[in-house]
Amino acid sequence: MRVVRGLVGLAGVVIAVVGVLKVLDRGSATVIEALKWFVGGTLLHDAVLAPIVVLLGALAVPRVPTWARMPLVTGVIVLGTTSVAVFPMLTGFGAISDNPTLLDRNYAAGWWALAALTGLGMAAGCWWQRRTAAADGSSTVPGPATPAPADRPEPPVGRP
Amino acid sequence: MRAPAHALPRPESFTSRLRGPEVTARVGLWLGICFLIAFVTGLYSHFQQDMPGWLTLPRRPVSLYRVSQGLHVISGTAAVPLLLVKLWSVFPKLFERVDLGNARRLGLQLAERGSIALLISSAIFQLSIGLANTTHWYPWSFSFRSTHYAVAWVVIGSLLVHIAVKLPIIRSAITGPVDPRPSPEPAEPEYADEYAAVPMPSETAPPAGPPTAGLSRRGLLRATWLATGVVVLSTAGATVPLLRKVSVFGVRSGDGPQGVPINKSALAARVTELARDPNYRLELKNGDRTMKLSLDDLTQLPQNTATLPIACVEGWSASGEWRGVRMRDVLSLVDAPDDVDLIATSLQKSGAFRVTRLPSQFVNDPLTLLALELNGEPLSIDHGFPCRLIAPNRPGVLQTKWLAKLEVQA
């Protein structure tokens, strides 16, 4: 196992160095611009997108009944990640006036259709989860199963 | 003003038990598969466009490039939800403190974090510019193709390093159960705060709910697979004709002049006047031997039909029925030998693919045509009127439109 890991790691280092050299070979202007995108993309995720998702999860999930949580999380993952993946289509920044065959769909309508389908799926998931919970004879009462936010402890921010 | 270090959360601040190597390893496995497919198909596309002299690429099946480049874009698109969920699953690790007291341990930690930072930043970079490229959106100044190719090596290299470091954890996580096994004692509550970033002391924890009512890692994984499937189905119609009606986010609907989309219009290439000039002549050149042919001359030559796809490097593709003169027959007019490459030059005055090279095995292929018609009509101006090159299993950028000159390469 150690030998395999060593060989895989060594191959990885060699391949990554080859890649870095290929980038450097493109000249300083490319390197600087690519670095901006490297750092910018990571910052956009780590400092903006991820904290927003974590915060929304912390705020929203405790406020929904337990039987609605998995459908809610599923819906958010489906619609959220798809929206990120199709961001260039939704914004249409690449559209060219002399080429009507590029980006030739109504992407906003597509997004609303997906959002509606996701909503229906979430509703169906909630119905199923609630029915299953009722069949189990437990926790069928809708409403927060966790303490209200006011009862919750303060987050650790600033705690020594 | 700089915030004190303790203002940042710590890994233990994130209490969700949805996170864990069981989720990270499973999502990471599929993410790694997507990256591997994208890397291999990307290499194939790169060699198609920059073919080294020692390499001979196959001409059959005629749709091989269509499939490989479609897979390239589909696997890259599928990687987006997988990468986002994987990054969520390891987000608390971002706040792990380094051990400053032990130089060796510090060195190892920094090396591991450096490799992970390289992997994450290069992966985000590749997916971002790759997706933007599929829509012709270029908000950067570097060359897309060469930079995307170079950074692909960085992604794969840092991925291998990551796998080597984490292999024991990956093996253990993938072979073990996804969720903790139920115990005879009352199970740990699957309460909503599992998803939260805020810790919940045990005395304030809610009573345990039934297992079906809360969140589970298995449920998170199912949601991830579902999201990946939705992303693929909603975009892949640009490549897979069967999915065109459901791919609401496909970059092409499949429509276009003569039923085939275009990548670059005659207007954008600034060839409209030259292509429509009644005095247009195609120049054939083999050493000292030169011949100029009008469109009428070309239509008088024996015509053949071939059903071949236009497969773009941006992943979209469409099949068409092309009609024209076999390239081999055209070159025989200037007595070109059998084993020569061909240099095709467009009427365009500039552009990265204004001049392309057609290797001899493609020149001699009976399906390689100097096309004059598409789907039963003369080529439209945007499809390369008056004539264009079409060959089996080649990227669209090498199927030179608005041909001005064909020169035999000595």
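Being a predicted model, the structure only gives us computed values, none of them experimental. By convention in this document, chain letters (A, B, ...) are assigned in the order of the sequence lines, proteins followed by strands, and residues within each chain are numbered from 1.
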What part of A:Leu10 is in contact with chain B, defined as an atom under 4.5 angstrom from a non-hydrogen atom: side chain, backbone, both or neither? neither
Between A:Leu49 and chain B, with a heavy-atom cut-off of 4.5 Å, which part of the residue counts as in contact: side chain, backbone, both or neither? side chain
Considering all heavy atoms of both residues, which atom of B:Val73 and which atom of B:Glu314 are nearest to each other, and what is their separation? CG2-O, 3.5 Å
Count the heavy-atom pairs under 4.5 Å between each of A:Glu33, A:Lys36, A:Met1 and chain B, then report the option with the highest count. A:Glu33
What are the two closest heavy atoms between B:Phe35 and B:Ala79, and how far apart are they? CE2-CB, 4.2 Å
Quick check: does any side chain N or O of B:Arg252 sit under 3.5 Å from a backbone N or O of B:Trp316, one acting as donor and the other as acceptor? no
Could you tell me which portion of B:Ile262 (side chain, backbone, both or neither) has an atom closer than 4.5 angstrom to a non-hydrogen atom of chain A? both
Is any side-chain heavy atom of A:Thr42 closer than 4.5 Å to one of A:Trp37? no
Proximal component of B:Val85, with respect to chain A [non-hydrogen, under 4.5 Å]: side chain
For chain A, the option from B:Ser253, B:Ser143, B:Gly254, B:Ala78 that forms the most heavy-atom pairs under 4.5 Å: B:Ser253
Give me the contact list for residues 110-117 of chain A versus chain B, heavy atoms only, anything under 4.5 Å, ordered by residue number. A:Gly110, A:Trp111, A:Leu114
Could you tell me which portion of B:Thr235 (side chain, backbone, both or neither) has an atom closer than 4.5 angstrom to a non-hydrogen atom of chain A? side chain
If one checks every heavy atom of B:Asn263 against chain A at 4.5 Å, the contacting part turns out to be backbone
Taking B:Ser115, B:Ala123, B:Ser141, B:Ala132 one by one, which has the highest count of heavy-atom pairs under 4.5 Å against chain A? B:Ser141
Sort A:Val86 into side chain, backbone, both or neither according to what part of it lies under 4.5 angstrom from a heavy atom of chain B. side chain
Contact part of A:Asp25 toward chain B, heavy-atom cut-off under 4.5 Å: side chain, backbone, both or neither? neither
Is there side-chain contact between B:Arg19 and B:Val23, with at least one heavy-atom pair below 4.5 Å? no
Going through the distances and angles, do B:Leu160 and A:Ile15 end up as a side-chain contact (heavy atoms from CB on, under 4.5 Å)? CA-CA 9 Å; B:Leu160 288 177; A:Ile15 292 172; 3.8 Å; yes
At a 4.5 Å cut-off on heavy atoms, which part of B:Ile124 comes close to chain A: side chain, backbone, both, or neither? side chain
With a 4.5 Å cut-off on heavy-atom pairs, point out which of A:Val13, A:Ile32, A:Asp104 contacts chain B the most. A:Asp104
Which portion of B:Leu82 sits near chain A, non-hydrogen atoms under 4.5 angstrom: neither
Assert yes or no for the condition that the ring centre distance of B:Phe142 to B:Phe125 is strictly below 6.0 Å. yes
Would you find a donor on one side and an acceptor on the other, under 3.5 Å apart, between the side chain of B:Thr147 and the backbone of B:Phe144? no
Tell me, for B:Ser234 versus chain A, whether the close heavy atoms (under 4.5 Å) come from the side chain, the backbone, both or neither. side chain
How are the rings of B:Tyr138 and B:His136 set to each other: parallel, tilted or perpendicular (split at 30° and 60°)? tilted
Could you report the tightest heavy-atom contact between B:Pro168 and A:Arg5, atom names first, then the distance? CG-NH1, 3.4 Å
B:Val231 side chain near B:Val80 side chain, heavy-atom distance below 4.5 Å: no
Is B:Phe249 in contact with chain A via its backbone, its side chain, both, or neither, using a 4.5 Å heavy-atom distance? both
Does B:Glu112 pair with B:Lys166 as a salt bridge, N-O distance under 4.0 Å? yes
Counting heavy-atom pairs under 4.5 Å with chain A, the top scorer among B:Val154, B:Thr224, B:Val260, B:Leu267 is B:Val154
Is A:Ala29 close to chain B through its backbone or its side chain, or both, or neither, when contacts mean heavy atoms under 4.5 Å? neither
Non-hydrogen atoms of B:Gln258 and B:Ser380 that approach each other most closely: OE1-N, 2.7 Å
Interface residue of largest heavy-atom contact number with chain B, from A:Val14, A:Val4, A:Asp46, under 4.5 Å: A:Asp46
Can you confirm whether B:Ser158 sits close enough to B:Ser122 that some side-chain heavy atom of one is under 4.5 Å from a side-chain heavy atom of the other? yes
What is the ring orientation for B:Phe91 with B:Phe14, classed by angle as parallel under 30°, tilted 30 to 60°, or perpendicular over 60°? perpendicular
Return the option, out of B:Gly76, B:Gly256, B:Gly219, B:Ala117, with the maximum number of heavy-atom pairs under 4.5 Å with chain A. B:Gly219
In terms of heavy-atom pairs under 4.5 Å with chain B, which of A:Val84, A:Thr118, A:Leu90, A:Thr81 leads? A:Thr81
Could you tell me which portion of A:Ile96 (side chain, backbone, both or neither) has an atom closer than 4.5 angstrom to a non-hydrogen atom of chain B? side chain
Considering non-hydrogen atoms only, spot the tightest contact between A:Leu103 and A:Gly92 and give its length. CD1-CA, 4.0 Å
A:Thr74 and B:Arg222: side chain donor to acceptor below 3.5 Å: no
Would you mind telling me which of B:Thr77, B:Leu87, B:Ile156 has the largest number of heavy-atom pairs within less than 4.5 Å of chain A? B:Leu87
Closest non-hydrogen atom pair between B:Val161 and A:Gly12, with its separation: CG2-C, 3.7 Å
Between A:Leu72, A:Leu44, A:Asn106, A:Leu102, which has the largest tally of heavy atom pairs under 4.5 Å with chain B? A:Leu102
Could you look at B:Arg218 and say if it's the side chain, the backbone, both or neither that has a heavy atom under 4.5 Å from chain A? neither
